[in-house]
Engineer: 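Let me begin by handing over the structure; questions about it come next.
Not measured: the values here are computed from a predicted model.
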Amino acid sequence: MITKDSFSITISKFSLVYQVVLVLLIAALIFGIIGYAILAPTLSGYVKDLKELNISGVLKDYLKSLFSGDTIQQEGMNEYYQQLVSTIKQIGVVTKDHVGSIWGGIIAIIVLVLLFSIFYYMCLYTVTDTLHAFMSSDSEYGFLSNFIANFSKAFKFSLAYVGMSIGCLIIVFGVGLGLGFMLGAINNWLGVVAAYFSIILLLAIQRALFAGWMPSYVVSDLTIKESFVANFKMASKNFADVLGVYFALYLMILIFGMIISVLTLGFGIIMVWGVSAVLTQAFDMVFYYHYKGKKYYRDSQHVVDPTKKYKDAVLDSPIE
């Protein structure tokens with residue numbers, strides 16, 4: 001029921017997907033221009049020195065020698081291999097000479113990623129609030145007007161959520177990649193599969209733990225701290241169900257995203273991103289409405305009462 005209703009709500013509000021995609025494209029363009037304006041002068045000297053090393057040419061010659069068998073031996077070693085080793089050493093020297101500008105570039109990238117993450121979660125807040133308006137009263141609100149109207153609340157919440165997410169993501173990818181490297185010592189494919197599925201599982205666990213935070217903040221009009229506490233009360237009751245749904249959903253999104261990326265040469269991934277953003281927020285909202293026992297619109301013609309069995313849950317009358 002929850003899965004079916006979440007997909008139904010996403011389809012009913014599919015215009016949100018296009019709006020999210022448009023906003024993300026514009027934001028990516030703006031952040032990309034800002035990033036280039038900052039990084040280009042900062043790293044120009046480093047990039048220029050790397051180009052003089054002809055790294056791609058040296059690597060190409062080495063790989064060509066491996067597959068063609070056309071190798072020149074010097075002191076019992078492949079000449080192209082010796083050139084590759086020498087180039088790697090020179091990269092180390094060049095990097096050491098530009099360490100200050102490199103660190104400046106790294107800091108700039110981190111700041112830009114943090115700012116984009118805050119903006120992205122503000123967009124998710126807007127999606128959640130728009131879905132709430134539809135689910136509670138079949139109302140229609142424009143994405144941009146909603147974003148502006150809730151700017152302050154969305155910004156404060158996004159700061160808190162991004163702060164929490166950073167620590168969780170470090171743990172998720174640290175554990176996933178660590179497990180992958182450990183099992184990769186036994187078999188390379190085993191390591192890749194282990195890293196892939198463990199990261200998906202850990203991301204699903206994170207999502208299941210915090211699925212009620214944004215909905216409770218939006219729907220119940222609680223403070224950030226109060227909604228954070230309410231979120232864990234919700235998670236303690238339906239964690240297993242939410243975890244299973246999000247594990248399957250993330251797995252589906254990643255597989256579907258890879259297929260679309262291959263078929264569209266990478267251009268379709270932004271559409272998958274937009275659909276997943278709206279769909280995951282719809283899941284959060286449906287889970288929260290069921291947890292609270294609140295009626296909601298599944299589409300413009302049907303109202304769902306989560307306190308009833310599914311065969312009696314879909315009503316034709318509006319929410320009173």
Side-chain angles (χ1 to χ4, degrees), residues 3-4 6-33 35-36 39 55-57 59-64 66-68 109 112-113 116-117 119-121 123-124 127 143 165 168-170 172-208 243-284:
T3 300
K4 181 179 180 180
S6 299
F7 276 98
S8 179
I9 290 170
T10 301
I11 293 172
S12 298
K13 298 296 296 180
F14 204 81
S15 60
L16 261 179
V17 173
Y18 299 120
Q19 295 174 69
V20 169
V21 168
L22 178 61
V23 168
L24 290 178
L25 282 174
I26 295 174
L29 178 62
I30 293 174
F31 276 91
I33 293 173
Y36 180 80
L39 295 176
I55 299 171
S56 60
L59 183 60
K60 181 180 178 181
D61 290 340
Y62 173 67
L63 293 175
K64 185 178 179 181
L66 292 179
F67 290 103
S68 66
I109 291 172
L112 287 173
V113 169
F116 184 83
S117 298
F119 175 80
Y120 176 65
Y121 280 106
C123 290
L124 293 187
V127 170
F143 185 90
S165 296
C168 290
L169 289 177
I170 291 174
V172 166
F173 285 96
V175 172
L177 295 177
L179 183 61
F181 279 118
M182 287 175 59
L183 295 179
I186 302 173
N187 181 278
N188 288 335
W189 281 111
L190 179 61
V192 171
V193 171
Y196 183 81
F197 281 99
S198 61
I199 288 175
I200 293 177
L201 176 60
L202 290 170
L203 286 174
I205 291 174
Q206 176 193 340
R207 186 74 187 217
L243 174 61
V245 168
Y246 273 111
F247 180 78
L249 182 61
Y250 281 159
L251 186 61
M252 180 192 73
I253 290 172
L254 288 174
I255 293 175
F256 189 66
M258 288 189 290
I259 294 173
I260 292 296
S261 296
V262 171
L263 294 178
T264 62
L265 301 178
F267 292 102
I269 193 65
I270 186 67
M271 196 66 187
V272 176
W273 191 7
V275 171
S276 64
V278 176
L279 181 58
T280 51
Q281 296 310 113
F283 266 101
D284 282 357

Engineer: Not counting sequence neighbours, which residues clear side chain to side chain contact (heavy atoms under 4.5 Å, CB included) with Leu249? List them please.
Structural biologist: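 Result, side chain to side chain contact (heavy atoms under 4.5 Å, CB included) vs Leu249: Tyr246, Met252, Ile253, Leu279, Thr280, Phe283.
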Engineer: List the atom of Val172, the atom of Ile199, and the distance in Å for their closest heavy-atom pair.
Structural biologist: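 So the minimum-distance heavy-atom pair works out to CG1-O, 3.9 Å.
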Engineer: Between Val20 and Phe143, what is the shortest heavy-atom contact and its length?
Structural biologist: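 In terms of heavy atoms, the two residues are closest at CG2-CE1, 4.0 Å.
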Engineer: With sequence neighbours left out, what residues match Phe256 under side chain to side chain contact (heavy atoms under 4.5 Å, CB included)?
Structural biologist: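 Side chain to side chain contact (heavy atoms under 4.5 Å, CB included) list for Phe256, sorted by chain: Ile260, Val272.
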Engineer: What heavy-atom pair brings Gly176 and Leu202 nearest, and what distance separates the two atoms?
Structural biologist: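 Here Gly176 and Leu202 meet closest at N-CD1, 4.3 Å.
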Engineer: Once rounded to the nearest 0.5 Å, what's the spacing between atom CZ of Arg207 and atom CG of Leu243?
Structural biologist: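 Between atom CZ of Arg207 and atom CG of Leu243 there are 13.0 Å.
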Engineer: Can you run down the side chain to side chain donor-acceptor pair (under 3.5 Å) pairs that involve residues 248-264, sequence neighbours left out, and say none if there aren't any?
Structural biologist: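 The answer is none; no pair qualifies.
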Engineer: Identify, with sequence neighbours excluded, every residue that meets side chain to side chain contact (heavy atoms under 4.5 Å, CB included) alongside Ile11.
Structural biologist: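 Once residues adjacent in sequence are excluded, Ile11 has no partner under the side chain to side chain contact (heavy atoms under 4.5 Å, CB included) criterion.
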Engineer: Return each pair, listed once, that meets salt bridge (charged side-chain N to carboxylate O under 4.0 Å, His left out) where at least one residue sits in residues 8-28; pairs must be two or more places apart or across chains.
Structural biologist: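 Those involving residues 8-28 are Lys13-Glu140.
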Engineer: To check you understand the geometry: which heavy-atom pair defines the closest contact between Leu203 and Leu169, and what is its length?
Structural biologist: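 Leu203 and Leu169 have their closest heavy atoms at CD2-CD2, 3.8 Å.
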Engineer: Provide the full list of salt bridge (charged side-chain N to carboxylate O under 4.0 Å, His left out) pairs with a residue in residues 255-273, sequence neighbours left out, each pair given once.
Structural biologist: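 Matches after skipping sequence neighbours: none remain.
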Engineer: Listed by chain and number, what are the side-chain hydrogen bond (donor to acceptor under 3.5 Å, both in side chains) partners of Tyr121, not counting sequence neighbours?
Structural biologist: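 With sequence neighbours excluded, Tyr121 shows a side-chain hydrogen bond (donor to acceptor under 3.5 Å, both in side chains) to no residue whatsoever.
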Engineer: Quick one: pull up CG in Leu112 and OG in Ser117 and give me the separation to the nearest 0.5 Å.
Structural biologist: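 The CG atom of Leu112 sits 10.5 Å away from the OG atom of Ser117.
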Engineer: Please collect all side chain to side chain donor-acceptor pair (under 3.5 Å) contacts where either partner lies in residues 190-202, sequence neighbours excluded, each pair once.
Structural biologist: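 Every pair satisfying side chain to side chain donor-acceptor pair (under 3.5 Å) with a residue in residues 190-202: there are none.
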Engineer: Under the rule for side chain to side chain contact (heavy atoms under 4.5 Å, CB included), what residues qualify as partners of Val21, not counting sequence neighbours?
Structural biologist: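 Scan of Val21 (side chain to side chain contact (heavy atoms under 4.5 Å, CB included), adjacent residues dropped) gives Val17, Leu25, Ile270, Met271.
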Engineer: For residues 270-279, which residue pairs pass the side chain to side chain donor-acceptor pair (under 3.5 Å) check, not counting sequence neighbours?
Structural biologist: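 Applying side chain to side chain donor-acceptor pair (under 3.5 Å) to every pair that reaches into residues 270-279, excluding sequence neighbours, yields Tyr120-Trp273.
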Engineer: Please name all residues satisfying ring pair (Phe, Tyr, Trp, His ring centres under 6.0 Å) with Phe14, sequence neighbours left out, ordered by chain then number.
Structural biologist: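 Phe14: ring pair (Phe, Tyr, Trp, His ring centres under 6.0 Å) contacts with Tyr18.
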Engineer: Looking only at heavy atoms, which two atoms of Ala27 and Phe119 are closest? And how far apart?
Structural biologist: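 Scanning both residues, the minimum pair turns out to be CB-CE2, 3.3 Å.
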Engineer: Compare every heavy atom of Thr10 with every heavy atom of Ala282, then report the nearest pair and how far apart it is.
Structural biologist: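 So the two residues come closest at CB-OG1, 3.7 Å.
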Engineer: State which residues pass ring pair (Phe, Tyr, Trp, His ring centres under 6.0 Å) with Phe31; sequence neighbours excluded, sorted by chain then number.
Structural biologist: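 Per chain and number, Phe31 pairs via ring pair (Phe, Tyr, Trp, His ring centres under 6.0 Å) with Phe116.
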